[in-house]
Protein chains: 2
Amino acid sequence: MGTTKTHIFSNRHNELARIAKVMAHPARVAILEYISRQENCICTDLVEEIGLAQPTISQHLNEIKKIGLLDGTFEGKNLCYCINQKRWAEVQNLISSFFLNINQNCC
Amino acid sequence: MGTTKTHIFSNRHNELARIAKVMAHPARVAILEYISRQENCICTDLVEEIGLAQPTISQHLNEIKKIGLLDGTFEGKNLCYCINQKRWAEVQNLISSFFLNINQNCC
DNA sequence: TATTATAATCGTAATATTGCAATATTAAAT
DNA sequence: ATTTAATATTGCAATATTACGATTATAATA
């Protein structure tokens with residue numbers, strides 16, 4: 001018990017949920033927004049910008065990476081993060097079509 | 001520890017996360033979709049449709065209600081659920097503007 | 001009023017998430 | 001080769017989520 005029964009749901013529903021889960025934390029929403037605002041793809045000071053400990057930020061970044069929304073080299077000094085535009089568009093599409101679909105058919 | 005530090009984030013970020021959290025489970029995605037497809041607002045057989053126990057479905061419905069996405073009388077026999085169209089549009093708007101905002105400014 | 005059909009609530013076990021201190025890793029700079 | 005500045009990983013405590021059996025509440029109907 002305690003585990004989501006993913007096997008009883010469709011791939012689409014599971015993927016939508018997986019994506020939503022990444023956005024289901026204010027830190028990750030803030031991180032995405034902050035990275036997107038950087039002109040030249042360098043986002044070093046996320047820790048002080050967000051106000052959580054460095055390991056926590058790293059953990060959140062990892063969750064975002066998992067669904068393919070971040071590009072960049074993830075090792076060493078002076079990291080470089082970027083939104084993966086293609087994946088972003090995919091995700092955006094998935095979510096907005098979900099919303100459109102429901103809006104039209106409801107009673 | 002273990003609790004999200006909501007106080008260090010903006011209202012907007014917190015609300016986006018709160019909404020995303022509701023969609024962060026395949027059952028709730030499926031429930032929203034199922035309810036929206038019913039013509040006349042009667043959605044009695046969610047339990048067998050989704051394949052989770054009745055208390056579990058009830059719990060998930062409650063999560064959806066919490067962010068105002070469901071209308072209807074929630075007591076007794078022959079329940080009647082409906083998507084709250086106004087709230088739905090609000091939520092749709094919030095999310096899509098988040099996506100648009102990011103898409104434009106990223107490096 | 002007793003029965004029935006339905007949904008909500010309670011209690012609880014299993015698992016997942018959040019957050020951070022301590023430590024390790026990485027690569028540039030000295 | 002050391003130091004330094006940055007991020008990643010590990011381990012763990014606190015809390016949240018998921019799921020369901022048992023029970024309770026609700027309202028229509030017999």
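Residue numbering restarts at 1 for every chain, and letters A, B, ... go by the order of the sequence lines. For clarity, every value in this text was computed on a predicted model and none was experimentally measured.
- Residues A:Val47 and A:Lys21 each lie close to DNA chain D; by heavy-atom proximity, the contact nearer the 5' end of the strand is made by A:Val47.
- Atom C1' of nucleotide D:dA16 and atom CG of B:Asn62 are separated by 15 Å, given to the nearest angstrom.
- A salt bridge links A:Arg12 to B:Glu33: one of the charged nitrogens lies within less than 4.0 Å of a carboxylate oxygen.
- Just one residue in the list A:Asn84, A:Leu61, A:Asn62 forms a side chain to side chain contact (heavy atoms under 4.5 Å, CB included) with A:Leu70, and that residue is A:Leu61.
- B:Leu46 has its CG atom 13 Å from the P atom of C:dT6, to the nearest Å.
- Atom P of nucleotide D:dT18 and atom CD1 of B:Ile64 are separated by 11 Å, given to the nearest angstrom.
- Out of C:dT18, D:dA8, C:dA8, the shortest distance to the side chain of A:Arg28 is found at C:dT18.
- As a whole-Å value, the separation of B:Ile57 CD1 from C:dA8 P is 11 Å.
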Close N or O pairs between protein and nucleotides 19-21 of chain C (under 3.5 Å):
| from | atom 1 | to | atom 2 | distance (Å) |
| --- | --- | --- | --- | --- |
| C:dG19 | OP1 | B:Lys5 | N | 2.8 |
| C:dG19 | OP2 | A:His25 | NE2 | 2.9 |
| C:dG19 | OP2 | A:His60 | NE2 | 3.0 |
| C:dG19 | N7 | A:Gln59 | NE2 | 3.0 |
| C:dC20 | OP1 | B:Lys5 | NZ | 2.5 |
| C:dC20 | OP2 | A:Ala53 | N | 3.0 |
| C:dC20 | OP2 | A:Thr56 | OG1 | 3.2 |
| C:dC20 | N4 | A:Gln59 | OE1 | 3.4 |

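- With a 4.5 Å cut-off on side-chain heavy atoms, A:Thr4 and B:Pro26 count as touching.
- In this structure, B:Lys66 atom NZ and C:dT9 atom C1' are separated by 13 Å, rounded to whole Å.
- Side-chain N or O atoms of A:Ser58 include none that pairs as donor or acceptor with a backbone N or O of A:Gln54 at under 3.5 Å.
- Rounded to whole Å, atom C1' of C:dT18 lies 13 Å from atom NE2 of B:His7.
- Every side chain to side chain contact (heavy atoms under 4.5 Å, CB included) that A:Arg18 has, sequence neighbours left out, goes to A:Ile67.
- Residues satisfying the side chain to side chain donor-acceptor pair (under 3.5 Å) test with B:Lys66, not counting sequence neighbours, are B:Glu63.
- Atom P of nucleotide C:dT9 and atom CD of B:Glu63 are separated by 12 Å, given to the nearest angstrom.
- Computed from coordinates, the A:Ile50 CD1 to C:dT18 P distance equals 14 Å when rounded to whole Å.
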